[in-house]
Amino acid sequence: METTRTRSKAGHIDIAGFQLGFVSEGQGDPALVIGSSVYYPRTFSPQLRQHFHFHFVDHKGFVHPPSGNFANSTFSLDAIIADIEAQRKFLNLDRFTIIGHSGHAFMALEYAKRYPQHIQAVVLLGVSPNYSPSSHEAGQKYFDDFASLERKEALTENLKHLGPEIAANPEKRFVTYCLRMGPKSWYEINFDATELVGGASIRTCKSLTMFGVRFSEILISLKVWIS
């Protein structure tokens, strides 16, 4: 694939008609970043690229799907893990650090459980124990108890626009929701993440059901794994 780790390279991997993008850049130890080849390269600092050879890869929820209808199994966690393994082989990775942020952290963790022989380390960023109702309630309580008045007011103002914006463009409701939740997500209260997600194809489709269904249960499998 690559003759040197310092090169930047981008392309697509065809998996069952889905064109899953990848961007490889940096130098140092190999690291696979799950989720988006558009969004995540923008969020990792240049300094980190001096220490890691990053491979940013899409999953099926972050690309335009091919035409036709798909069974739920196409977007199942098992299918996503199989896709990651196919991407690993394509990128010619042996042992590497796997990195997942938010819901992608669960994907990274599940891959590490199934393919430990390839994993040097697992890095989970910005993720709760699971996505169960109790975890959401705990997160909201923490925000209510500790967020500043300025942050709460900024979020309240943003949420006034959320409904109309989703109604006007329902295909982008996931992106719209994430952007409007900025005061709850970013250290800078009024940080605008529009440029970070610009050009990313984040589909609100069957693939995102795992965030609310499968990822609400994954803590149970984690308990079994570490026991």
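The figures that follow rest on heavy atoms only: side chains count, while hydrogens, waters and symmetry mates do not.
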Subject >> ILVMFWY cluster, I13 and I84 together (side-chain gap under 4.5 Å) >> reply: yes
Original post:
Is the number of heavy atoms from other residues, nucleotides or ligands within 6.0 Å of CD (Q117) greater than 12?
Top reply: yes
Subject >> Greater than 12 external heavy atoms within 6.0 Å of F191's CZ >> reply: yes
Original post:
Just wondering, are more than 12 heavy atoms of other shown residues or ligands nearer than 6.0 Å to CD in Q19?
Top reply: yes
**OP:** Please assess E85 against Y115 for the test side chain to side chain donor-acceptor pair (under 3.5 Å), listing each intermediate value before the final yes or no.
**Re:** CA-CA 8 Å; E85 174 62 2; Y115 296 95; 4.9 Å; no
Subject >> Within one Ile-Leu-Val-Met-Phe-Trp-Tyr cluster: Y177 and I189, side-chain cutoff 4.5 Å >> reply: no
**OP:** List for me each residue that meets salt bridge (charged side-chain N to carboxylate O under 4.0 Å, His left out) alongside D78, sequence neighbours excluded, and say none if there are none.
**Re:** R114
Original post:
Under 6.0 Å between the ring centres of F44 and F54?
Top reply: yes
**OP:** May I ask you to say whether E25 pairs ionically with R49, meaning some side-chain N is under 4.0 Å from a carboxylate O?
**Re:** yes
**OP:** Report the residues that fulfil side chain to side chain contact (heavy atoms under 4.5 Å, CB included) with H101, sequence neighbours left out, ordered by chain and then residue number.
**Re:** Y40, L125
**OP:** Can you see which heavy atom on L20 is nearest to which on D58, and at what distance?
**Re:** C-OD2, 3.8 Å
Original post:
Going hydrophobic residue to hydrophobic residue with side-chain gaps under 4.5 angstrom, can you get from L48 over to V33?
Top reply: yes
**OP:** Identify the heavy atoms of F106 and P129 that sit nearest to each other, and give their distance.
**Re:** CE2-O, 3.6 Å
Original post:
Has the side chain of R88 got a donor or acceptor atom that lies under 3.5 Å from a matching backbone atom of L93?
Top reply: yes
Subject >> Given H161, E165, E157, the one that forms side chain to side chain donor-acceptor pair (under 3.5 Å) with R180 >> reply: E165
